[in-house]
Amino acid sequence: MSASSPRSLHPTRLAESTGRAVVVFLVLPLVAIIPMSFSDTRYLSMPHDGLSTLHYWRLFSEPAWRDSLLQSVGVALPAACLALLIGLSFCLGAWQRQGNMVRLLQILMLGPLIVPGIIHAVAYHRALSFIGLFDSFAGTVLVHAIKGLPFVVLSVSASLSSVHPATLQLARSLGASPAQALWRTLLPQIRYGIAAGFIFAFVTSWDEIVVTLFITSRNVITLPKQIWQSLFLNLDPVVAALGSLALLATLLALLATSLSGSRLRSLPSPNTIA
Amino acid sequence: MSDFTYDTGYMQHLEQSVRRETQGKTVHRRRFLQVLSALGVSIGSLSFLPSARAQQSELVVANWGGDALPAQRDILAAEFVKRYPQIHVAFDTTGPTPGKIKALVESDNVSWDVADRNLLSALELGRQGLLEKVDESIVDINAVPSQFRTEWGVGSYFFSFVITYDAVRFGSTPPRTWKDFWDLQTFKGKRALRNNVEGVLESALLADGVAPDKLYPLNVNRGLDKVRQIKAETIFYSNTSEAQQLLRSGEVSIGSLWSTRAQGVKEDTKGRIDYHFNEGILLIAAWNVLKGAKNVKDAWRWVALSQDPYLQVALLKKLGWGPINPAANKLVPAELQAQNPGSPENIARQIVVDAEWYARNYFEVQNRYLDVLAA
Amino acid sequence: MSSSFLTIDSICKRYGLLRALEAVSLDVTQGEFLTLLGPSGSGKSTLLAILAGFAEPDQGIVRLNGRDITRLAPEARRFGVVPQGYGLFPHLTVYENIAFPLRVRRSRSASINGRVRQVMELLQIGSVKSRLPRELSGGQQQRVALARALSFEPDLLLLDEPMSALDALLRRDLQAELVRLHRQVGTTFVYVTHDQQEALALSDRIVVLNHGRIEQIGTPRSIYAQPATRFVANFLGKNNLLQATAAIGPLGRLHFHWNGHRIAAGVTAPFEGPCSLTIRPEAIVLTKVGHSSQGTKDRILGTVVNHTFHGASADVIVAVGHESLTVTLTAAASPPVPGDEVWLAFDAERLWCLPEADTISPAASATSPELAA
Amino acid sequence: MILPSAIALGREFAGARFQIAPVRGLSVQDGLVIGSVLVLIACYLLPLGAVVALSFLVPVPGIGNYWSIFQNATVHAVVGKTLWISSLTVGLTLLLGYITAYALVQAGPVARKLMLAGVLLPLWISVLVRNYAWIALLSPGGIVNSILIRWGWLDQPVSLVRNSFGVVLGMVHYMLPYAILPIYAQMARIDSTLPHLARSLGASPRQAFIRVFLPLSRPGLAAAAFLTSIMSLGFYLTPAMLGGGKTVMVAEFISIQVTETLRWDIATTLSTLLLLVTGALVWRFSHLLELATAKPKT
């Protein structure tokens, strides 16, 4: 009895199978949408009579879907650039600084990640009406940029923390101008952090729905908003097609990062706190 | 116990303070915009609005999407463009909720002109200064009976909450009354009610045995108690399309739906889902024109157009909108009378909602309704 | 004495294709300080893990007082373990770390307190008892780890490179401390290290491991003086290994032929023929040519090519023909400089030889020192 | 507003001094910080501040809104429901997340990679799509029900969504990765020999777990608890989509006040309180933030 083997402990095995079950639970709804996306009916169902790629085509041919795709890109790109500009400025400025003030500012910069989406929704619903940017691209881009800001700050400051503190001085002592020092020594060292921040900010905007619902009406219909609207009409299989494409893209990205030595490590997701 | 008291003093106070606040803010906003323009920034340049959309000659109609879009486009918009060729009609199907209307009116960017809402909302929002007053030079207010119009809106069609059910499931003994609707023993399956209190209290009180002519003022406590009875077996939907889908998929066996949408599911399912007007809760739809809309004049033209008896009949055919213009009643073909919420015999079977009561009590009652749902 | 305290019998352990241990057999005597010495990857830590019960061997048996404990759970063995990096529980104070084995055994709290105090006193760490491990110096952490492993009076103490993270000075202090501790508590110590100096300084016996096999078992002195294999000869301290031929002279005296020279040995050898002649650098006497020498006749002429000063000693590399030898000098007043011609003389008693082919089986090598003595 | 930072950057590229050396009392670095912080204030703190301010101003100045909120039975019910659902989902999420993180630590390298991919995958798929999938899977006419009925495990379809069960399910699914990742990151940091060591010192497997592994993994657990608590308090989409209208949590209640009943007093007051609770949690547990956002080792 006491000679039980030290490795194969029963509770551990139970935990392992439970853990696997949890992972299956996590993946299950994602996998389930794949067959739904090939449904040959207009309403949500598993394929009955045959498979059809109808809904994939609708995604790119129906004006509502196509336009919302374009709009989402049109909002997410400038929003990510803006987030990068603000976040990078802050990180470069705050680099190597100590003290409570900087710490407080850092937490403030993470605010848009922490504060519940509904509060942003209420705040921007009001603020954008006030300055006349309700239901405008500029307003949406601004709000999405603010929501993406924490991810830029997180990933850029993470990569800055591993840069040698004397990098710029060193470059200067070797004859580089300040601009050269920045371009040739500092920025190349944090380029993965910058890229990751940009990607996360982009995806944040791409995925944003709660605040968008409150600050837009007719002019701005991003992809998530289009999904939201279509979900009320019927469980449109286009959403399943869209989800399947997103799944495919994510899988490819995961594969690519794990093959490329995972330089762009997965930070916590940029999903909105829904 | 019996009455939910009207606190008119509070309402007036609320109105005033809202008005004070909105006006005050307008001043602030104007100053803010002045500062911006002094800095050489124009709001127009910030909004990147596609210029075609911002043109004056566009009329933007906000509706609830779904079946309403093609019908309004093919009947009303087509006719409108015929009469006013220089004007382009655009639709926004995101749903004209009071919050969006308020946000738009308060911003300088009122991108909707006219919204598909109802007479209750015309009173509520109108009193808050969010709507334009009816332009009687364009709209003939006498086209509808006086009880179907207010200062801020004219009734445009009848629709009602009707008992909509799975006809295959219930066969020859479908639910006839709200009593049946509440009877979970005899009529198995889930129910669907709107998560907005309008119409729900009336259904509940009728189910509880209140006589139709004794409904108003509504006994809110009694009605909410009745809702509690079936809460566990009820799905509270926020969007009528959702309710259609619940019935279509069989998730729900009986629902209280807008008659216009009930007709839609009936056609969709080739009669598997059916409805009737018995004890329907009749509401009066009304176009609301947003305060400061870019195109107020055309908005009232749109309203006037929708009073056209021929178009009203066409909309009845297509959407089940009950003609509110008495002149249209004579034009309704006999076979359409059955699905006309405004036909004399259907009106007789239904209860007309008291818009004034809701305009005074809506805030309070809606929150108490949510309270019941959330508890 | 006849039945061993701990017996390791033909242990094999594989990790995939890697053979971590191959047919390792070993007896551990009660109360001794036994060191498992070998380079990294030699299997010494695997052996320790098997002793501790962290791993199971693929084959073979571990016996404690004749009882098979191969598959016994770690907590049932009563062996104290001091792992690499100390393995202190970072969330527990020094006191609680030391009390841990007693608490999990559900001892009475009064007896826990007494015992912990006792052990802390033994290791002189009473002053830091309420600190957390991260607030301690490396040496203190080491002492706490020892105290924890000893607190429940284990039958055996297993130490896995306990000093590898300490600096050289501290290490020497703690070595002395460990020897004192071993004498004081009388527990059997099994000590794993890759540091031959440490092994020589601490152990009663050393087991030299290489590639999962035992190369030699013996006292520090016998292993140092009479390595059984070329590996052992090279691994323990500096050594000169010379290709030579062993021959037994008319009087039964052993001598070697190397590089055209004849070198007399003060030891007997079990064989004749080609061999590896080993001479420790400190067993060579070096005299500058021209100085009055001690008049040794077995002396060889060489040229100094390099000189490295170490403080108490100095290493000199001397070329003899095409080969070179390392010589360790102590306290040389006027050390030779490169280019000097020098005489080399060997201490005949400290010569040793290994068969050329190096095919001696571990079992044979384990017995060879006794033969030599 | 972005101007100061842009100027600073521009000056940088133009060859002006960077860092340390002051430019008329302000270094370029100062300029960058000040510029970006000004943007944050104008575009973020002001709008949020306006919400807070409004709660004290509308309809009449004072703290009347807070007073009436504390006496409002509907708000009580909604807050109660929110707390109940939140604690249930956070509890479930932490339990499952802990076990899963443990399984991840125990798994071999290939299995671990696969499992981690499975954990990360949902993070990148829109929560709308995921809720859609849940409805499709679990509604009475959905896939799970039809399978269960076909196998004869059920006679009548059961409702697995559009009720509190659906909300809890959807929320747990949403939050699990956020719990698993910090716990796993912490567990991976634990010296894997310690539990073994504890056993050699006499601890049973259970004791080794409770006395060594559990306390050592606690920071990860705390970070996960912090993160999921904040999330669950502000959940909006999942209750709205999977709750069948009956699971009205604070966020949805606020949204109804804004979009339907136009009660800005209630909306802003509740928002302020929610902000306060979130802020207090962050203030108290800010040291966990780093852990909560830590990257797992793969």
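A, B, ... follow the sequence lines: proteins, then strands. Residue 1 opens every chain.
Of the two parts of D/T259, only the side chain, counted from C-beta on, holds a non-hydrogen atom closer than 4.5 Å to a non-hydrogen atom of chain A. Contact annotation for A/I33: only side-chain heavy atoms (C-beta onward) come within less than 4.5 Å of a heavy atom of chain D. Interface residue D/L45: only side-chain heavy atoms are found under 4.5 Å from chain A. Only the side chain of A/A127 comes within contact range of chain D, with heavy atoms under 4.5 Å apart. In this structure, chain D has heavy atoms under 4.5 Å from both the backbone and the side chain of A/L247. For chain D, the nearby parts of A/A246 are the backbone and the side chain; heavy atoms of each come within less than 4.5 Å. Using a 4.5 Å cut-off between heavy atoms, D/T278 touches chain A through its side chain atoms alone. D/M241 touches chain A through its side chain: at least one heavy atom from C-beta onward sits under 4.5 Å away, while N, CA, C and O do not. In this structure, the portions of D/Y44 lying under 4.5 Å from any heavy atom of chain A include both its backbone and its side chain. In this structure, the portions of D/A117 lying under 4.5 Å from any heavy atom of chain A include both its backbone and its side chain. Interface residue D/L40: only side-chain heavy atoms are found under 4.5 Å from chain A.
Ranked by heavy-atom pairs under 4.5 Å with chain A, the list D/I254, D/V51, D/L128, D/T268 is led by D/L128. Comparing A/A253, A/A123, A/A121 by how many heavy-atom pairs each has under 4.5 Å with chain D, the most go to A/A123. With chain A as the partner, the residue from D/L275, D/V250, D/T272 showing the most heavy-atom pairs under 4.5 Å is D/L275. Comparing A/V24, A/L28, A/V122 by how many heavy-atom pairs each has under 4.5 Å with chain D, the most go to A/V122. Across D/V129, D/V52, D/L46, D/L270, the residue that shares the most heavy-atom pairs under 4.5 angstrom with chain A is D/V129. Between chain A and the options D/M175, D/M171, D/E252, D/Q106, the largest number of non-hydrogen pairs under 4.5 Å is found for D/Q106. Heavy-atom pairs under 4.5 Å with chain D peak, among A/L213, A/V27, A/T250, at A/T250.
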Query - Worked verdict on D/V39 versus A/L149 for side chain to side chain contact (heavy atoms under 4.5 Å, CB included) - result: CA-CA 11 Å; D/V39 174; A/L149 183 59; over 6 Å; no
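Heavy-atom neighbours of D/R206 CZ from other residues, nucleotides or ligands within 6.0 Å: at or below the threshold of 12.
We find the CD1-OG1 distance between D/I180 and D/T100 to be 4.0 Å, quoted to the nearest 0.5 Å.
In terms of heavy atoms, D/A103 sits closest to A/G19 at CB-CA, 3.9 Å. Across every non-hydrogen atom of D/W134 and A/P29, the tightest pair is CZ2-CG, 3.6 Å. For D/A107 against D/R112, the heavy-atom pair with the smallest separation is O-NH2, 3.1 Å. For the pair A/L142 and D/C43, the tightest heavy-atom approach, listed with the atom from each and the gap, is CD1-SG, 3.9 Å.
A 4.5 Å side-chain heavy-atom check between D/L273 and D/V277 finds every atom pair outside the cut-off. When side chains are defined from C-beta on, A/H120 does not count as touching A/F214, because their heavy atoms never get closer than 4.5 Å.
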